[in-house]
Amino acid sequence: MSITLFNTLGRQKQEFKPIKKNKVGLYTCGPTVYDYAHIGNLRSFVFEDILKRVLQYNGFKTKHVMNITDVGHLVSDSDEGEDKMEKGSRRTGKSAWEIAKFYTMSFKKDLSDLNIISPTVLCKATDHIKEQINLIKKLEKKGFVYQTVDGIYFDTSKLSDYGKLADLQHQELKAGIRVELGGKKHPNDFALWKFSPKHEKRQMEWKSPWGMGFPGWHIECSAMSVKYLGQPFDIHCGGIDHVPVHHTNEIAQSEAANDKPMANYWLHNEFLNLKDAKMSKSGENFITLSSLVEKGYNPLAYRYFLLQAHYRKQVVFSFEALDSAQKGLEHLYSVAGNIDKKTKTASKETKEIFLNFINNDLDTAGALAFVWEKLKEKKLDLKTLLKFDEVFGLKIKENLKEKKTKISDDAEKLVAERNTARQNKDWGKSDELRKKLEGMGYKVEDTKEGTKIS
Ligand code: AMP
Ligand code: ZN
């Protein structure tokens, strides 16, 4: 069965056709490791994980490359301001190298908590300086670069189709808006290499044919994707904010250097927002996965929450919505744990409908609703549900909650003890016994007749 994906390049749903039979080369832009990832960032990585799982479910072998941006991403995406890493270093008092290591570890923990399959290759920008310099040299030879006082820049006027991904050609700069060019020739030109400030030693800097400095933000993805996946490769992903600048510039560099398309399909996820504000890396609006865990949420409840929406729709995060996702997830574990063993294997049609949902531009919301429908009709066997969970990644198998139907003698004793404790108003003991019973897998209710367990 074919998979259709919405390709930002061309803005339409297309049938996915791999370059090599049964194989997919996938590149996804990774985090900038100057701070914790917030749950908005993590939406991107969950979306890419779902894409990978859908491809694998369809029998594709995936080679997934993700970069770690540990140098070169400036405070403003348009090459202005200081390096985010150096800024993070000042904020924390640790070196830029130390914070890169620290936040990379924390990012890896987030991936594992969200049951995101690790990339085949996770590569750091600072480990690929040579490749980036070589790529800039290639662009220089072909006449695509010029030098300003602060760096080497890509001349976007040399490319007839610059901006095709974002359709920039049709978006004239609004009259009256002043564009700060600095030393640049055109507003969209971007840095390939930045010089270290004179008389100042940066924490991260390297020698290059043009002088001591560091790579621009975009060049790392062009250099590493061609190294590990070749060109063109199949699918490139990232958040929607990458379309007008970062991905547009990756395309410009890679295609100018190698005279071939960079990638065939470009997929972008929409943003996760808060009700009244943007998710940001400062203040109250900075919600991390570990802060959700501290509040008692299962990280997979956040995954469940995301599965309920299409990746190309904006989503508003709220704790009420997360509460209901957590309830939904727990209910799923419990329903799954109590599927009658005699349930017949799901019909071919059921499996096809599920596949239709996920292969239709990753419609996880539709697939999840369909699974619930079948569970309610008692027409989904556990084996098939677990197969479907290879796409959802909700760890159903590890969390099956079988209801205890038979109440053990030990439990009966604890119930009697708890009733006495409550009569004596010994609430501490009563709570302790409730926890004990729950730990044994019982649901505990307080009724007029005393403690009831089921
Ligand atoms: P960064 O670590 O800033 O490079 O961002 C990592 C990824 O998160 C990128 O693909 C961004 O496009 C994406 N992203 C940033 N903010 C959000 C958000 N609020 N919702 C969804 N994705 C986001
Ligand atoms: Zn990138």
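Note that ligands are numbered from 1 as they come in the structure, with each ligand's atoms numbered from 1 the same way.
With no hydrogens or angles considered, no side-chain donor-acceptor pair links Thr288 and His38 at under 3.5 Å. Checking Tyr228 against His128 by side-chain atom types alone, a donor-acceptor pair falls below 3.5 Å. With hydrogens and angles left out, the side-chain atoms of Asn188 and Thr156 include no donor and acceptor closer than 3.5 Å. Side-chain N/O atoms of Gln12 and Asn7 include no donor and acceptor closer than 3.5 Å. Asp361 and Tyr311 form a side-chain donor-acceptor contact under 3.5 Å, judged by distance and modelled atom types alone.
Interatomic distance, His73 NE2 to Glu220 CD, rounded to the nearest 0.5 Å: 9.0 Å. How far SG of Cys221 is from CG of Asn67: 4.0 Å, rounded to the nearest 0.5 Å.
With respect to atom 6 (C) of ligand 1, the closest heavy atom belonging to the protein is Asn41 ND2, 3.7 Å. Summary of contacts: the protein heavy atom closest to atom 9 (C) of ligand 1 is His242 NE2, 3.5 Å. Atom 10 (O) of ligand 1 has as its closest protein heavy atom Gly239 N, 3.0 Å. From the protein, the heavy atom lying nearest to atom 4 (O) of ligand 1 is Thr32 OG1, 3.0 Å.
Not one N or O of His73 is nearer than 3.5 Å to an N or O of ligand 1, by distance alone. Checked against a 3.5 angstrom limit, the closest N/O atoms of Ile240 and ligand 1 fall outside it. Residue Leu272 places at least one N or O, backbone or side chain, under 3.5 Å from an N or O of ligand 1.
Residue contacts to the Zn ion (ligand 2): His242 brings no N, O or S atom closer than 2.8 Å. Taking 2.8 Å as the criterion, Cys29 counts as a coordinating residue of the Zn ion (ligand 2), since one of its N, O or S atoms falls below it. At least one N, O or S atom of Cys221 sits under 2.8 Å from the Zn ion (ligand 2).
Of the listed residues (Gly40, Ser44, Cys29, Ala37), the one carrying the non-hydrogen atom nearest atom 13 (C) of ligand 1 is Ser44.
Of all N/O/S atoms in Glu250, OE2 sits nearest the Zn ion (ligand 2).
Contact atoms of ligand 1 toward Asn269: 21 (C), 22 (N) (distance under 4.0 Å to a heavy atom of the residue).
At a heavy-atom cutoff of 4.0 Å, ligand 1 is contacted by the backbone of Glu270 but not by its side chain.
The neighbour count for Glu349 CD, taken as heavy atoms of other residues, nucleotides or ligands under 6.0 Å away, does not exceed 12.
Cation-pi geometry between Lys397 and Tyr333 is not met at under 6.0 angstrom from the ring centre and within 45 degrees of the axis. No cation-pi contact links Lys23 to Phe60, judged by a cut-off of 6.0 Å to the six-membered ring centre and 45° from its axis.
Within the structure, ligand 1 has Asp241 among the residues with a heavy atom less than 4.0 angstrom away.
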